[in-house]
Amino acid sequence: MLIFDSHLDLAWNAIDWNRDLWLTVKELREKEQATNVLEFKARGRNTVTFPELRRGKIATFIATLLPRLFRANSMPAIQRYAAMEGAYGAAMGQLGYYKALEGQGRLRFIKDWPTLELHVNEWVQADNPKGSKGEINLEPPLGFILSMEGADSILTPDQVQHWYDNGLRLVGPAHYGVSPYAHGTGTIGGLFPQGPALLKEMERVGMILDITHLSDQCFDEALDIYGGPVIASHHNCRALVPDQRQLTDDQIKRLIKRGAVIGSALDAWMLYPGWERGVTTPAASGVTIDTFVDHIDRVCQLAGNTQHAAIGTDLDGGFGTEQTPSDLDTIADLQRVPELLRKRGYKEVDIEGIMYANWVRFFKKAWTKK
Ligand SMILES: [Zn+2]
């Protein structure tokens, strides 16, 4: 079955982690183990590369620009920039990575509904080839929609148009800690003075708001100010894993009312109450892919339908198999999700929605109503 993943930090992996994403997962792990670049636990434990995405039929994904400003007391990570101009330059560099792959015909840069429709149709056809023997399957490229995680590299709200013109279609104003526009994960507080102007400009140009990583207060303020389409790209349920990083049931209901789609994530830290990074292990926690399905199911129960639940893995988002479900080796293991949903009584049409079609419908609506 086709899969749409609404959160992958691919350029960040390629550039900041210096990973060749055209290797297989196995090759990349071996290379990192052999070259001893093991400064982070996630080294040598990656789960996402392009061959693996193709093998798992993760045909479409939201790919991020992720350049972060330095913040004291924030969790360790690879690159952090001292000034917004540095973050801007880094984001442009990450965009250059995606554009290089587009130029080689290896990725399709999806910026509008006709392209997404064509892309999905080609993959559906490749997945279920009509006719029989000898007919060559289409080999469409993998497709991505560009988002920005943390608006640290949007120098001023006026620059939103410039980013849109460069293909950016979604923005999450904050990441971990504070951003120049909003309070993010692990912080308490509202929008900063330029936050409302950023949101208004996003709405004007047709940029989608990703509320993932906003503080609780910013979540409320952003939804009050911004009138355009909203998503939560990689976000689990606080009722199951109590931490501010997750969405409360009330927040989920508010998103559902706005027509949002919520991508459930595979970071075990967001799947297990009290997970201690670097200490808790997948085996000891008992977290499996079915634990992740609990979050998909909760969104469906709160909605009373299956149209708002989806997948936003966040795999290789600063962690590897030391912090994923114990039965997940690579991202291609997402192909086991349909069976887990069937076991819970989900119908095929609903499973297709969760695996990819809910995102397709969301973008069709976001990109065609004017
Ligand atoms: Zn994130």
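No hydrogens, no waters, no symmetry mates; every other heavy atom, side chains included, goes into these values.
The aromatic rings of F363 and W367 lie tilted to each other, with the angle between the two planes from 30° to 60°. Aromatic ring pairs are classed by plane angle as parallel below 30°, tilted from 30° to 60° and perpendicular above 60°; the pair H175 and H213 is perpendicular.
H235 has its ring centre no less than 6.0 Å from the ring centre of H7. Between Y98 and F144, the distance separating the two ring centers is shorter than 6.0 angstrom.
Closest of all the heavy-atom pairs between P140 and R54 is O-NH2, 2.6 Å. The heavy-atom pair separating I296 from A310 by the smallest distance is CG1-O, 4.1 Å. Between G318 and W17, the shortest heavy-atom distance links the atoms CA-CZ2, 3.8 Å. Taking all atoms of both residues into account, the shortest heavy-atom contact from S233 to T212 is N-OG1, 3.0 Å.
With sequence neighbours excluded, the residues forming a salt bridge (Lys or Arg N to Asp or Glu O under 4.0 Å) with R342 are E339, E348, listed by chain and number. Take A357 and apply the side-chain contact (heavy atoms from CB on, under 4.5 Å) test, not counting sequence neighbours, and it matches no residue.
Two different hydrophobic clusters hold L240 and I311 under the rule that ILVMFWY side chains link at heavy-atom gaps under 4.5 Å. A continuous path of ILVMFWY side-chain contacts below 4.5 Å connects W22 to L53, so both sit in one hydrophobic cluster. No continuous path of ILVMFWY side-chain contacts below 4.5 Å connects I225 to F192, so the two sit in separate hydrophobic clusters. V241 and W275 are not part of a single hydrophobic cluster, where members link through side-chain heavy atoms under 4.5 Å apart. Both I3 and L341 are assigned to one and the same hydrophobic cluster, defined by single-linkage of ILVMFWY side chains at heavy-atom distances under 4.5 Å.
Using a cutoff of 4.0 Å between basic side-chain nitrogens and carboxylate oxygens, D152 and R80 are not scored as salt-bridged. Salt bridge annotation for K31-D20: absent, with no cationic side-chain nitrogen under 4.0 angstrom from a carboxylate oxygen. Electrostatic pairing of R43 and E32 counts as a salt bridge here, judged by a charged N lying under 4.0 Å from a carboxylate O. Using a cutoff of 4.0 Å between basic side-chain nitrogens and carboxylate oxygens, R254 and D249 are not scored as salt-bridged.
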May I have the list of side-chain donor-acceptor pairs in residues 256-265 shorter than 3.5 Å, sequence neighbours left out?
residue : atom : partner : partner atom : Å
R258    : NH1  : L223    : O            : 2.8
R258    : NH2  : Y226    : O            : 2.6
R258    : NH2  : G228    : O            : 3.3

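R169 forms a cation-pi arrangement with Y164, by the criterion of a distance under 6.0 Å to the ring centre and an angle within 45° of the ring axis. For the pair K111 and F109, the cation sits on the ring face: its NZ or CZ lies under 6.0 Å from the ring centre, inside 45° of the axis.
When atom types are taken as modelled, the side chain of E27 and the backbone of L23 share no donor-acceptor pair closer than 3.5 angstrom. With D333 contributing its side chain and T330 its backbone, the two residues share a donor-acceptor pair below 3.5 Å. The backbone N or O of I154 sits less than 3.5 Å from a side-chain atom of Y181, completing a donor-acceptor pair.
For the salt bridge (Lys or Arg N to Asp or Glu O under 4.0 Å) criterion with D329, the lone passing option out of K26, R29, R45 is R29.
Atom CE of M84 and atom CG of L155 lie 5.5 Å apart (nearest 0.5 Å). To the nearest 0.5 Å, atom OG1 of residue T291 and atom CG of residue L340 are 9.5 Å apart. Residue Q251 holds its CD atom at 4.5 Å from CZ of F219, rounded to the nearest 0.5 Å.
No hydrogens or angles considered: nothing links the side chains of E117 and N121 as a donor-acceptor pair under 3.5 Å.
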Should D250 and R238 be marked as a salt bridge (charged side-chain N to carboxylate O under 4.0 Å, His left out) after you check the CA-CA gap, both sets of side-chain angles, and the distance that decides it?
CA-CA 10 Å; D250 283 345; R238 203 178 299 184; over 6 Å; no
